[in-house]
Amino acid sequence: AKEKGKNTYQVYTKEMNQESFRKYCLERDMRKAIELNEFEVYYQPKVDAKAEEIIGAEALLRWEHKRFGSVSPGEFIPIAEDSGFITEIGTWVFKNVCQQLKEWEKNDLPFVPISINISPQHFLKKDIIELVKTSVAEFGIDPASIELEITETSLIHYSEVVQNTMSTLKDIGVKISLDDFGTGYSSLSQLQNFQFDTLKIDQSFIKNVLIKKEDSVITSSLISLAHGLGMNVVAEGVELEEQLEYLKQNDCDQIQGYIYSKPLRVKDFEDLLKKGL
Ligand code: C2E
Ligand code: CA
Ligand code: CA
Ligand code: CA
């Protein structure tokens with residue numbers, strides 16, 4: 001197999017095993033997935049812990065591949081990040097969500113702010129600002145109804161670039177949250193250098209919050225730290241009543257997880273917003 005470089009894809013050879021053949025196919029086919037209409041944005045509610053109302057949602061991408069069926073973003077996003085195609089995907093998702101927000105507004109439907117995942121590679125590019133600026137203007141939407149979710153990986157390098165990008169985006173009026181907190185390399189003290197609106201505690205901590213003492217200590221400490229720095233806290237991957245209780249008792253602001261809802265297609269999400277939880 002050939003060396004894989006940016007914006008190129010591997011040439012298939014007989015020696016490739018099944019796994020790398022699948023990867024090769026996914027990398028090749030995602031370039032057509034947009035025009036073939038194979039991508040779809042799902043929405044997972046974020047729920048106010050006290051009021052138990054839906055106060056936001058995360059946009060999560062789904063890919064229905066002709067041959068492989070449903071491919072999870074956990075599999076194809078890393079491939080897109082490796083090949084550089086993630087910028088195209090991120091742009092498509094961002095515009096798709098803007099269009100959806102516009103549609104909800106136009107049809108007088110109840111809607112909530114939407115969070116969009118932005119890969120580090122995309123976030124570190126200048127055109128992210130251009131994308132946000134032009135899309136918000138083009139679709140005529142309130143920037144405050146958009147939140148960008150970035151991971152710690154975006155923070156490791158180029159912290160000056162990141163800080164500038166963040167402050168420009170915040171001037172435009174979008175919100176920014178730090179996703180998967182606790183899984184990367186950034187330190188707690190680094191948090192104060194960036195003005196995040198929201199901190200999302202990674203699901204790995206939530207999973208063991210009742211089982212492992214360390215994870216419950218980390219979770220409650222992160223909540224008070226975030227509050228101390230003026231940030232909102234979202235707990236992700238909440239599945240059990242006992243986890244929910246722990247998070248409520250420790251003053252977590254928002255809950256995202258199967259306990260309330262899985263990611264939903266637009267129609268089902270609209271129905272849920274109308275009828276409530
Ligand atoms: P993430 O940003 O951490 O998103 C949360 C993931 O946790 C989603 O997986 C969601 O379906 C899942 N989840 C939510 N609640 C629960 C729960 O209670 N239990 C369990 N077991 N899982 C829960 P999903 O949709 O498969 O996405 C996986 C990852 O793929 C995302 O993790 C994100 O990193 C990436 N991703 C998804 N859509 C996009 C996108 O549009 N752009 C980019 N750059 N990345 C995306
Ligand atoms: Ca996320
Ligand atoms: Ca996350
Ligand atoms: Ca994650």
Strictly distance-based, threshold 3.5 Å: is any side-chain N or O of Asn107 a donor or acceptor partner for the main-chain N or O of Glu103? yes

Other cluster members, Leu240 - Ile/Leu/Val/Met/Phe/Trp/Tyr, side-chain contacts below 4.5 Å: none

Asp48 side-chain N/O to Lys50 backbone N/O, donor-acceptor pair under 3.5 Å: yes

Does the cation-pi check pass for Arg31 over Phe85, that is, NZ or CZ under 6.0 Å from the six-membered ring centre and within 45° of its axis? yes

Please walk me through it: do Lys66 and Asp29 pass salt bridge (charged side-chain N to carboxylate O under 4.0 Å, His left out)? CA-CA 9 Å; Lys66 278 184 306 305; Asp29 297 343; 5.2 Å; no

Once rounded to the nearest 0.5 Å, what's the spacing between atom OG1 of Thr134 and atom CD1 of Ile129? 11.5 Å

When you look at Phe39 and Ile89, which way does the side-chain contact (heavy atoms from CB on, under 4.5 Å) test go after all the steps? CA-CA 9 Å; Phe39 284 138; Ile89 292 181; 4.1 Å; yes

Side-chain heavy-atom pair Ile176, Lys170 within 4.5 angstrom cut-off: yes

Using the ring of each side chain (for Trp, its six-membered ring), is Trp104 parallel, tilted or perpendicular to Phe111, with breaks at 30° and 60°? parallel

Separation of Ile77 CD1 from Leu61 CG (nearest 0.5 Å): 5.5 Å

Contact check, side chains of Phe94 and Leu148, non-hydrogen atoms, under 4.5 Å: yes

Contact between Gln254 and Val233 at the side-chain level, heavy atoms closer than 4.5 Å - yes or no? no

Can Arg265 and Glu270 be said to form a salt bridge (charged side-chain N to carboxylate O under 4.0 Å, His left out), step by step? CA-CA 9 Å; Arg265 310 188 104 124; Glu270 288 173 349; over 6 Å; no

Is there a donor in the side chain of Ser167 and an acceptor in the side chain of Gln195, or the other way round, less than 3.5 Å apart? no

Can you check side-chain contact (heavy atoms from CB on, under 4.5 Å) on Ile118 and Glu149, steps first, answer last? CA-CA 6 Å; Ile118 305 290; Glu149 294 195 0; over 6 Å; no

Over 12 foreign heavy atoms within 6.0 Å of NZ, Lys126: no

To the nearest 0.5 angstrom, please state how far the CG atom of Leu26 sits from the CZ atom of Phe76. 9.0 Å

Consider only side-chain heavy atoms of I, L, V, M, F, W and Y, link residues closer than 4.5 Å, and tell whether Leu229 and Leu178 are in one cluster. yes

Run the side-chain hydrogen bond (donor to acceptor under 3.5 Å, both in side chains) check on Thr183 and Asp180 step by step: do they pass? CA-CA 6 Å; Thr183 59; Asp180 299 348; 4.9 Å; no

Any chance you could measure Asn250, atom CG, to His227, atom NE2, to the nearest 0.5 Å? 10.5 Å

Take Arg62 and Glu40 through the salt bridge (charged side-chain N to carboxylate O under 4.0 Å, His left out) test and state the conclusion after the steps. CA-CA 5 Å; Arg62 298 291 178 262; Glu40 185 175 353; over 6 Å; no

Kindly work out whether a path of hydrophobic side-chain contacts (I/L/V/M/F/W/Y, heavy atoms less than 4.5 Å apart) joins Ile55 to Ile116. no

Is a donor from one side chain sitting under 3.5 angstrom from an acceptor on the other, for Thr198 and Lys175? no

Output for pair (Ile79 CD1, Ile86 CD1), nearest 0.5 Å, gives 11.0 Å

Which class fits the ring pair His65 and Phe68: parallel under 30°, tilted 30 to 60°, perpendicular over 60°? parallel

For Glu75 and Lys23, run salt bridge (charged side-chain N to carboxylate O under 4.0 Å, His left out): C-alpha distance rounded to whole Å, both residues' side-chain angles, the deciding distance at 0.1 Å, then the answer. CA-CA 9 Å; Glu75 181 177 13; Lys23 218 174 143 184; over 6 Å; no

For a side-chain contact (heavy atoms from CB on, under 4.5 Å) check, start with the C-alpha distance between Val47 and Leu277, then their side-chain angles and the critical distance, and finish with the verdict. CA-CA 9 Å; Val47 177; Leu277 288 167; 3.7 Å; yes

Pairing residues for Lys207 by the side chain to side chain contact (heavy atoms under 4.5 Å, CB included) criterion, not counting sequence neighbours: none

Reference residue Thr219; test side-chain contact (heavy atoms from CB on, under 4.5 Å); the match among Asp202, Asn208, Leu247: Leu247

Return yes if a side-chain donor-acceptor contact under 3.5 Å exists between His122 and Asp127, otherwise no. no

Are the charged groups of Glu53 and Lys46 less than 4.0 angstrom apart, N to O? no

Judged by atom type as modelled, is there a donor-acceptor pair below 3.5 Å linking the side chain of Ser224 to the main-chain atoms of Ser220? yes

Residue pair Gly140 / Lys102: nearest heavy atoms and the distance that separates them: O-NZ, 3.6 Å

Would you say Ile255 and Val234 make side-chain contact, with heavy atoms under 4.5 Å? no

Which pair of non-hydrogen atoms, one from Ala80 and one from Met30, has the smallest distance, and what is that distance? CB-SD, 3.7 Å

Grouping ILVMFWY residues whenever side-chain heavy atoms fall under 4.5 Å, the cluster of Tyr42 otherwise contains none

Value for CG (Leu222) from CZ (Phe181), rounded to nearest 0.5 Å, stands at 6.0 Å

I'd like to check Leu199 versus Asn232 (side-chain heavy atoms, cut-off strictly below 4.5 Å). Are they in contact? no

ILVMFWY network linking Ile206 to Tyr258, side-chain heavy atoms under 4.5 angstrom: no

Not counting sequence neighbours, which residues clear salt bridge (charged side-chain N to carboxylate O under 4.0 Å, His left out) with Asp271? List them please. Lys267

Neighbour count above 12 (heavy atom, 6.0 Å) for Lys262 NZ: no

Hey, are the side chains of Ser119 and Phe123 touching, using non-hydrogen atoms and a 4.5 Å cut-off? no

Does any part of the side chain of Glu147, heavy atoms only, come nearer than 4.5 Å to the side chain of Glu58, both counted from C-beta? no

Partner residues of Pro113 under the side chain to side chain contact (heavy atoms under 4.5 Å, CB included) criterion, sequence neighbours left out: none

If every non-hydrogen atom of Pro120 is compared with every non-hydrogen atom of Thr153, which pair is closest and at what distance? CG-CB, 3.7 Å

For Cys25 versus Arg67, what's the shortest heavy-atom pair and its separation? SG-NH2, 4.0 Å

Please output the side-chain donor-acceptor pairs of residues 209-218 that fall under 3.5 Å, not counting sequence neighbours, one pair per line with the distance.
residue, atom, partner, partner atom, Å
Ser216, OG, Lys213, O, 2.8

Does either side chain, that of Gln44 or that of Tyr260, offer a donor lying less than 3.5 Å from an acceptor on the other one? no

Show the nearest heavy-atom pair for residues Lys274 and Pro110, with the distance to one decimal. CG-CG, 4.1 Å

Assess, by modelled atom type and distance only, whether the side chains of Asp171 and Thr168 contain a donor and an acceptor separated by less than 3.5 Å. no

Check: Gln243 side chain, Glu239 main-chain N or O, donor-acceptor pair, under 3.5 Å: yes

Do you know the tightest heavy-atom contact between Gly182 and Glu152? N-OE1, 3.3 Å

What I'd like to find out is whether the side chain of Asp179 reaches to under 4.5 Å of the side chain of Glu236, using heavy atoms alone. yes

